[in-house]
Amino acid sequence: MDSANPLGQFLRARRALVTPEDSGLPVSPRRRVAGLRREEVAMLAGVSSDYYVRLEQGRERHPSVQVVDALSRALHLDGDATDHLQRLARPVAGRRRARDGGQGRPETVSPVLLRMMAGWHRTPAVVLGRCLTVLAHNALGRALFAGHAYSGDLVRLVFLDPDAREFYPDWEQVAANTVGGLRSAAGTDTDDPQLVRTVGELSLKSPEFRRLWARHDIRQKTRETKRFRHPLVGALTLDYESLTLNGAPGQQLVVYQAAPGSPSEQALVLELLKK
């Protein structure tokens with residue numbers, strides 16, 4: 001894990017993903033560095049090379065808003081990654097430890113939300129915790145992910161379940177989005193005990209996870225169309241919306257819906273609930 005210097009780790013990882021061609025810089029045939037050099041990022045961001053080196057090394061940890069914006073442009077960051085960089089530059093120190101002594105926050109789901117979800121008979125819904133574990137689901141949400149070794153943990157389902165590539169026809173995209181979503185959910189709290197355990201296990205067991213985690217991609221889980229190949233009802237194409245829960249920081253309510261009148265809607269409502 002990279003809790004000692006998350007800002008520097010993020011800058012190094014993102015610098016390695018930007019080529020000189022991406023930034024309009026000349027390419028030497030003798031070039032040996034993957035991505036941009038430190039001095040090239042500094043030049044593109046309009047800061048001194050020494051200052052940028054201090055940022056990567058952790059000797060300078062709080063760049064100004066203007067510098068963060070300039071680094072974002074130099075590294076071609078999208079909106080989610082830029083927001084993450086801003087949080088790294090201004091972390092809220094000690095908030096988790098002050099609440100729970102560093103042992104990890106217990107994650108409970110509001111009884112009111114559970115009752116609401118139970119009434120959604122045509123809409124799969126799940127509540128995800130800060131490490132994308134399934135904290136709660138309604139009947140269709142349970143049926144959607146049932147039958148897998150890791151039905152209750154969407155990160156381990158993607159990377160450790162033997163049926164993952166069958167269940168997700170677009171596995172590569174799902175894998176990248178899942179890791180980016182895990183980093184986004186973790187935010188700057190990279191020493192969270194549950195996150196440390198999750199990343200440690202997956203890094204050992206899954207080379208794909210290890211490679212994607214090292215990229216430091218940030219992808220806020222908001223909305224998307226996702227394809228499934230369900231073991232009982234076959235192909236499903238579902239849209240989802242992910243909503244943050246103000247009363248439970250770190251939790252997400254994910255609601256799936258099939259297009260009205262589509263084969264996926266029929267499979268969900270008429271077939272899946274019968275199983």
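One is the number of the first residue; the rest follow in order along the sequence.
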Legend entry - Short side-chain to backbone donor-acceptor contact, Q251 and T108, under 3.5 Å: yes
Legend entry - Donor-acceptor under 3.5 Å (S110 side chain, V112 main chain): yes
Output yes when [X] and [Y] qualify as a salt bridge under the 4.0 Å nitrogen-oxygen rule, no when they do not.
X	Y	value
E201	K205	yes
D80	R219	no
D192	R130	yes
R211	E208	no
D69	R73	no
D170	K226	no
R15	E56	yes

Mind telling me whether [Y] and [X] have parallel, tilted or perpendicular rings, with 30° and 60° as the class edges?
X	Y	result
F159	W171	perpendicular
F167	F145	perpendicular
H84	F10	perpendicular

Legend entry - Pair S49, E39: side-chain N/O donor-acceptor within cut-off below 3.5 Å: no
Legend entry - Worked check of side chain to side chain contact (heavy atoms under 4.5 Å, CB included) between Y240 and T225: CA-CA 6 Å; Y240 75 74; T225 298; over 6 Å; no
Inset, instruction - Find out if a path of hydrophobic residues (ILVMFWY) with successive side-chain heavy-atom gaps under 4.5 Å connects V126 to L245. - result: no
Inset, instruction - Could you state whether V53 and L36 fall into the same hydrophobic cluster, counting links through intermediate Ile, Leu, Val, Met, Phe, Trp or Tyr residues with side-chain heavy atoms under 4.5 angstrom apart? - result: no
